[in-house]
Amino acid sequence: MTVVERVPTDKVVVEGMTGDAAIAHALKQCDIDVLAAYPITPQTIIVEDFQKFVANGEVKTRVIPVESEHSAMSACVGASAVGARVATATASAGLALMWEILYCAASMRMPIVLAVANRALSAPINIHNDWSDSYGARDSGFIQIYCQSCQEAYDTVIMAFKIAEDHDVLLPVMVCIDGFILSHNVERVEMLPTEAVQQFLGVRKPAIALDPDNPVTMGPLALTDYYFEFKEQQDRAMARVPEVFERVESEFEKMTGRRYGRFETYRVEDADIIIFTHSTPGGTAKAVVDALRERGEKVGVVRLRMFRPFPAEALREVLRNAKAVAVFEKCRSFGAPSNPLALEVRTALYDLDERPLVTDFVIGLGGRDVPPSTIVEGVEKTKEYLKAGRAPLYETLGVRK
Amino acid sequence: MAVRLKDMLKREPILSSGHRMCAGCAAPTVVKLMGMALRGPTIVCEATGCLEVATTIYPFTAWKIPWIHVAFENAAAVASGVVEAINAMRDKGRYKDEQVDVIAIGGDGGTFDIGFGALSGALERGHKFVYMVYDNGAYQNTGIQRSGGTFPGQETTTSWAGKVEPGKRQRKKPLAEIVAAHKIPYVATVDPYHYRDFITKFRKALEADGPAFIHAFSPCPRGWRSDTSKSIELAKLAVETGLHPLYEVIDGKEWIMSGPSKRLKELRPVDEYFKTQGQFKHLFKPEWAEFRAWIQEEVLKDWEELKRKCGVS
């Protein structure tokens, strides 16, 4: 474990930056060896900014301007296999094109950090935010963390490398921000001194690498006799993530005073209805809760950060005393009884003898604005369903029907 | 060249015996020859294919040098990452080897077709690596399906010879020429019969100042329905009939015909090649006489064009 010290306030640089820029600066300070990426809105600024660092000689990173996202993730796997610290960034169609290699990266235990500016999938083609892209990749074996602010994006990228590269984990991490809403929104970001970041992270020490002195075969064929064991090990690695995450966050907190947890709770102690969401709607939901609390309504928010591995047990303890959990999610899982986020919440609560009612509201697809009134509408509906004692498995809000 | 061919032939093989390639498959020979050309520490990045699955069935591996496989269409992209990671780590003083060669290997399916975009991108970016395609003329690993590398007239399980079809009707993609059009420092075609030519060229590829490409012809008795003891002879015959002429292209502009092709007074008829394999048997039916003549005509035209490019009269 590295010894970290609290960074003195006068060493912290405060700047206004977009979510994308905050991630680019974090990647720079993490001293990554290789960045392989392909341009796609709304992620592009990350790579554009990073290429400026390269052009000005501010980093020794090798950037590979690949011809597709499929090759971006492939190059990341190759680079990571040699022992390098590696990152890439994408969104929407780009993530979809990476799909096949997401599974390879995770199964081959490559600690790659992938920044995703969440964007709707085609068709119709749309450049704005929803979560269909990374939700679709939820079974790929990546750790997934969703951020609400530019500061959180910056901090999470730094912590992501430390979690991914831990030998108890060795899994890739997706750090997700809402496309445009966060990727292009300027906020106040406190940047750490580069030396502090580098002391916190250290240099990557690969557990195993492509090394001519110690030849190994990576990515072999494993059939009925061994494939399952590979998956079992991968599953165990995922199960170790919460512990490593906790350790990494504690160290980060020592250095910065900031800590986020796998999820954030807001005014939930006596809440009858808990709004459950993540990313930028988490901020909107907190504002709504403040307003509703003034009217005497007992509401709170759980803002999820870590979707994979899903903190089912910890969440169960927080949600169990509420009368209802109102899930707001920016994805429709077509044909499914409800949607990715609500499915997990329902699974987490299922074993309780007395379960809160779960409502599931699909919101904001293709970047449709999610104003406070949409959240209020969901809360009002949840109150009605509580009275009726039953709720539909899911419904859409904020759409012409 | 500082190292003599005689010494290269004595090199320890990079692929052990006991791999599970088919009897008579030329791919292990191709890899063996490649291994003889190596000049030092080397990392191999391989596409999905026969060679990949049959040499690395977990928990065994036949590879004695560092080797990675990720997927089918991305060997060139994986190699890009390996090359640049080494460069970055060396820049930061974290890489011990002065020089590590990186080689990507793909079959014809993984190179002519599905991996073509990744290959073209890697060539354009100019990473220093060698890409070698072992071309056995079809997707042999998945059960002999046609690829962009399949010859016209070749019968595969997706280009059947039937009452109205003579096997594949289309020409073979001129891959080495397309790669040469990227104006990379070095492109060469090789075959395992002409092993001296093979090793010499592979060494040149490793020494090239930028990306290099090797197109290796690799007979496949299983897919071609040919005698397992004749694979190396078939490789020779492919050169002699002009189906796989041997040449080099320097910087995309200087075309050099290699000795084995250059020394041919004239090409042998393609029929001599076709007769050796079950996959071309149907071409000798009377209804395909014209089609067979067309293939011969095309081969002769390509040969004349190649001679012109190489300045051979």
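Computed from a predicted model, the values in this text were never measured in an experiment. So that the names make sense, note that chain A is the first sequence line, chain B the second, and so on, each numbered from 1.
Around the CZ atom of A/Arg138, the shell of radius 6.0 Å holds more than 12 heavy atoms that belong to other residues, nucleotides or ligands. Other residues, nucleotides and ligands place no more than 12 heavy atoms under 6.0 Å from the CD1 atom of A/Ile208. Heavy atoms from other residues, nucleotides or ligands lying under 6.0 Å from CD1 of A/Ile125 number 12 at most. Open room surrounds NZ on B/Lys32; 12 or fewer heavy atoms of other groups in view lie less than 6.0 Å from it.
By number of non-hydrogen pairs under 4.5 angstrom with chain A, the leading residue of B/Pro41, B/Ser80, B/Ala118, B/Gly121 is B/Ala118. Counting heavy-atom pairs closer than 4.5 Å to chain A, the top-ranked of the candidates B/Asp91, B/Val83, B/Val44 is B/Asp91. Counting heavy-atom pairs closer than 4.5 Å to chain B, the top residue among A/Val34, A/Val77, A/Asp211 is A/Asp211. Residue with the most contacts toward chain A among B/Glu52, B/Glu124, B/Glu46, B/Glu73: B/Glu73 (heavy-atom pairs, distance under 4.5 Å). By number of non-hydrogen pairs under 4.5 angstrom with chain A, the leading residue of B/Ala54, B/Ala88, B/Ala122 is B/Ala88. Contact count versus chain A (heavy atoms, under 4.5 Å) is highest, among B/Ser120, B/Ala76, B/Pro59, B/Ala75, for B/Pro59. Per-residue counts of heavy-atom pairs under 4.5 Å with chain B were compared for A/Ala81, A/Ser68, A/Gly83, A/Ala222; the largest is that of A/Gly83. When each of A/Asp213, A/Val203, A/Ile64 is scored by its heavy-atom pairs under 4.5 Å with chain B, the top score falls to A/Ile64.
Looking at A/Cys76, neither its backbone nor its side chain comes within 4.5 Å of chain B, counting heavy atoms on both sides. Using a 4.5 Å cut-off between heavy atoms, B/Lys96 contacts chain A through its side chain alone, with no backbone atom that close. Proximity to chain A (any heavy atom under 4.5 Å) is restricted, for B/Val100, to the side chain, taken from C-beta onward. Both the backbone and the side chain of B/Ile57 come within less than 4.5 Å of a heavy atom of chain A. Proximity to chain B is limited to the backbone of A/Val216, based on heavy atoms less than 4.5 angstrom apart. Using a 4.5 Å cut-off between heavy atoms, B/Glu84 touches chain A through backbone and side chain atoms alike. Of the atoms belonging to A/Ile101, it is side-chain heavy atoms, and not backbone ones, that fall under 4.5 Å from chain B. Proximity to chain A is limited to the side chain of B/Asp97, based on heavy atoms less than 4.5 angstrom apart. Neither the backbone nor the side chain of B/Phe60 comes within contact range of chain A; no heavy atoms are under 4.5 Å apart.
With rounding to the nearest 0.5 Å, the separation of OG1 in B/Thr42 from CG in A/Leu210 is 12.5 Å. With rounding to the nearest 0.5 angstrom, the CD1 atom of B/Ile86 is 11.0 Å from the CZ atom of A/Arg62. Rounding to the nearest 0.5 Å gives a distance of 12.0 Å between OG1 of B/Thr61 and CE of A/Met218. With rounding to the nearest 0.5 angstrom, the CH2 atom of B/Trp67 is 6.5 Å from the OG1 atom of A/Thr217.
Among all heavy-atom pairs drawn from B/Ala77 and A/Ser74, the shortest one is CB-CB, 3.7 Å. When every heavy atom of B/Tyr95 is checked against every heavy atom of A/Pro212, the shortest pair comes out as OH-CD, 4.0 Å.
Looking at B/Lys92, its side chain does come within 3.5 Å of a backbone N or O of A/Asp31 through a donor-acceptor pair. Of the possible donor and acceptor atoms, none in the side chain of B/His69 sits under 3.5 Å from a partner among the backbone N and O of A/Pro220.
Between B/Tyr58 and A/Phe230, the ring center distance clears the sub-6.0 Å criterion.
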### Query
Checking side-chain contact (heavy atoms from CB on, under 4.5 Å) for the pair A/Asp33/B/Arg94: CA distance, chi angles, key distance, verdict?
CA-CA 11 Å; A/Asp33 298 311; B/Arg94 272 166 48 210; 2.9 Å; yes

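The closest side-chain heavy-atom distance from B/Arg125 to A/Val66 is below 4.5 Å.
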